[in-house]
Amino acid sequence: MKGRYFIRSFGCQMNEYDSARMADMLTEESGLVEAGRVEDADLIVFNTCSVREKAQEKVFSDLGRLKDLKREKPGLVIAVGGCVASQEGAAIVRRAPYVDVVFGPQTLHRLPALVERSRRTGSAQVDISFPEIEKFDRLPEPRAADASAYVSIMEGCSKFCSFCVVPYTRGQEVSRPFDDVIAEIHGLAVQGVREITLLGQNVNAWRAPIEDGDGQPGDFAELLRFVAEIDGIERIRYTTSHPIEFTARLIDAHADLEKLAPHVHLPVQSGSDRVLAAMKRGYSSLEYRSIVRRLRKVRPGICVSSDFIVGFPGETDADFEATLKLAEDLEIDTSFCFVYSPRPGTPAANLPDDTPQPVKLDRLQRLQRLTDIQAARINAEMVGSRQRVVLEGVSRKDAAEFSGRTGNNRVVNFPARSAPAGMVEVLITEARAHTLRGELLTEPRNSGAPALQ
Ligand code: SAM
Ligand code: SF4
Ligand code: F3S
């Protein structure tokens, strides 16, 4: 097949990683090139998300817009992957008959073959099976686009929180083998990547044998120590971590490994023990507080961001106040706050959704306001400090400026005569509402690996 592809990614970083792998495959295996606009594509792929009802409905309304495109261009192939595909399967083709291919997160490596078969036979192809570990074995080596890259180290989730679809759409937790993870990161470092983000729904649940002689299965904390040894990698992030897997060994890793970014995204969901139990999260608010306090003890100033759900069935004003108090006591940074959305097939969907919508929205706003104020305070405290920043490219607002990310996950814009590469040092001069401004202090450090072109 020759022509152009267009991929649209919805949802979390795992979907973004998967979309990048699809792009690699379509380029290398199918000989396609990327289309700048959806209208110019011969193959359109939607990589979808079903975590909340709104996310899922957005997929169907955006798909609806492709109907006319398909009528004008009969050879156009439309493929739907990701979590909606995994959950709905052939029902997608029934609801949107102009869709040609439906594939799941675990069968994305079969996308080129499914597209080919649908073109040959003229009939829709659906494959949402779970051949688990096959996926990573069949994907081409990732191409680095920037100084920062994602590396998926886990698939699926076995936690079954009572509100969440992910274990059903992505399957059980499976860890990628140690050697594969290290080889992928090494390959990225050689291409000029300076910062990597290890990805998984519960990234700190990673467990796999490590050939270092003790015969014990390795854990996430140990994996981090090996990743930190890779030449060229200067900063390590991971997301999303789960409090029940946040071991003392992981806290020790934060004490010892300077390359670990001073930021952790650790979703708490609620500050009320009653709600946490109903959510089946497996920890108490005290346990969560203890993790954050121990982290701050070994890494003073580490920023902790979180995910919260408001309006979970049965959440009272007192439960919500406990959430606000936890967020305030722990000075939680910019966070993702969501109104509870009942998902079909999850246990919580059977509970009475009894909080009035205006109350839910009020709670959402109060929590968002609190975390925004706390994030702004952290920004203001950074003025005058020197920060090591990983380059992200030209600033979105001003083409004469460049944009990068600090260790604690802030975007900083700064002027520079030419594009600096990799990691640079910046003096923070001003805190704005959501970004920082700075001045370039150094040229990139020579870390032994080639700089990005
Ligand atoms: N695995 C991560 C964890 O356990 O925290 C997060 C995974 S989920 C893809 C991202 C966030 O979406 C969750 O942390 C939760 O706050 C939110 N979420 C998941 N299901 C939801 C639902 N039914 N309604 C509202 N928000 C939801
Ligand atoms: Fe969903 Fe819970 Fe798994 Fe996170 S840990 S993906 S919230 S089931
Ligand atoms: Fe959405 Fe699936 Fe990620 S439901 S948040 S794309 S794992």
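When a ligand or atom number is given, it counts from 1 through the structure's own listing order.
In this structure, atom 17 (C) of ligand 1 lies nearest to the protein heavy atom Arg52 NH1, 3.3 Å. Closest protein heavy atom to atom 3 (Fe) of ligand 2: Cys157 SG, 2.2 Å. Among protein heavy atoms, the minimum distance from atom 1 (Fe) of ligand 2 is reached at Cys164 SG, 2.3 Å. When only non-hydrogen protein atoms are considered, atom 4 (Fe) of ligand 2 lies nearest to Arg281 NH1, 4.1 Å.
Contact annotation: Thr346 has no heavy atom less than 4.0 Å from any atom of ligand 1. Heavy-atom distances between Arg170 and ligand 2 stay at or above 4.0 Å for every pair.
Here the two rings, on Phe178 and Phe226, have centers that are under 6.0 Å apart. If you look at Tyr238 and His254, their ring centroids are closer than 6.0 Å. Between Tyr283 and Phe246, the distance separating the two ring centers is not shorter than 6.0 angstrom. Aromatic rings from Tyr340 and Phe163 are positioned such that their centres are separated by 6.0 Å or more.
The count of protein N, O or S atoms under 2.8 Å from atom 3 (Fe) of ligand 3 stands at 1, with waters excluded from the count.
Less than 4.0 angstrom separates some heavy atom of Ser341 from each of these atoms of ligand 1: 22 (C), 23 (N), 24 (N), 25 (C). Each of the atoms 8 (S) of ligand 2 lies under 4.0 Å from some heavy atom of Phe160. Below 4.0 Å from some heavy atom of Cys161 lie the following atoms of ligand 2, by number and element: 2 (Fe), 5 (S), 7 (S), 8 (S). Of all the atoms in ligand 1, the ones that sit under 4.0 Å from a non-hydrogen atom of His242 are 4 (O). Against a heavy-atom cut-off of under 4.0 Å, Asn202 is close to the following atoms of ligand 2: 5 (S). When each atom of ligand 2 is checked for a heavy atom of Pro167 under 4.0 Å away, the hits are 8 (S). Shown in contact with Gln201 at under 4.0 Å from a heavy atom are these atoms of ligand 2, numbered in order with element: 6 (S). Applying the 4.0 Å criterion to heavy atoms of Val166 picks out, from ligand 2, the atoms 6 (S). Atoms of ligand 2 found under 4.0 Å from any heavy atom of Lys159, numbered from 1 in the order shown, are 3 (Fe), 5 (S).
The closest non-hydrogen atom to atom 1 (N) of ligand 1, taken over Gln201, His265, Arg343, comes from Gln201. Considering each of Asp307, Leu266, Thr239, Thr169, the one bringing a non-hydrogen atom nearest atom 14 (O) of ligand 1 is Asp307.
Here Val339 has backbone heavy atoms under 4.0 Å from ligand 1, and that is the only part of it that gets that close. Both the backbone and the side chain of Val51 come within 4.0 Å of ligand 1, judged by heavy-atom distances. Contacts between Lys159 and ligand 1 below 4.0 angstrom, taking non-hydrogen atoms only, are absent altogether. Counting heavy atoms under 4.0 Å from ligand 2, residue Phe163 touches it through the side chain alone. Under 4.0 Å from ligand 1, heavy atoms of Phe163 appear from its side chain as well as its backbone.
Polar contact check, Thr240 against ligand 1: no nitrogen or oxygen pair lies under 3.5 Å apart.
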(message) If you apply the rule side-chain contact (heavy atoms from CB on, under 4.5 Å), what do you find for Asn202 with Lys159, and how did you get there?
(response) CA-CA 9 Å; Asn202 295 286; Lys159 299 286 184 287; 3.6 Å; yes

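The existence of a salt bridge linking Glu155 and Arg176 is excluded, since no basic side-chain nitrogen approaches an acidic carboxylate oxygen closer than 4.0 Å.
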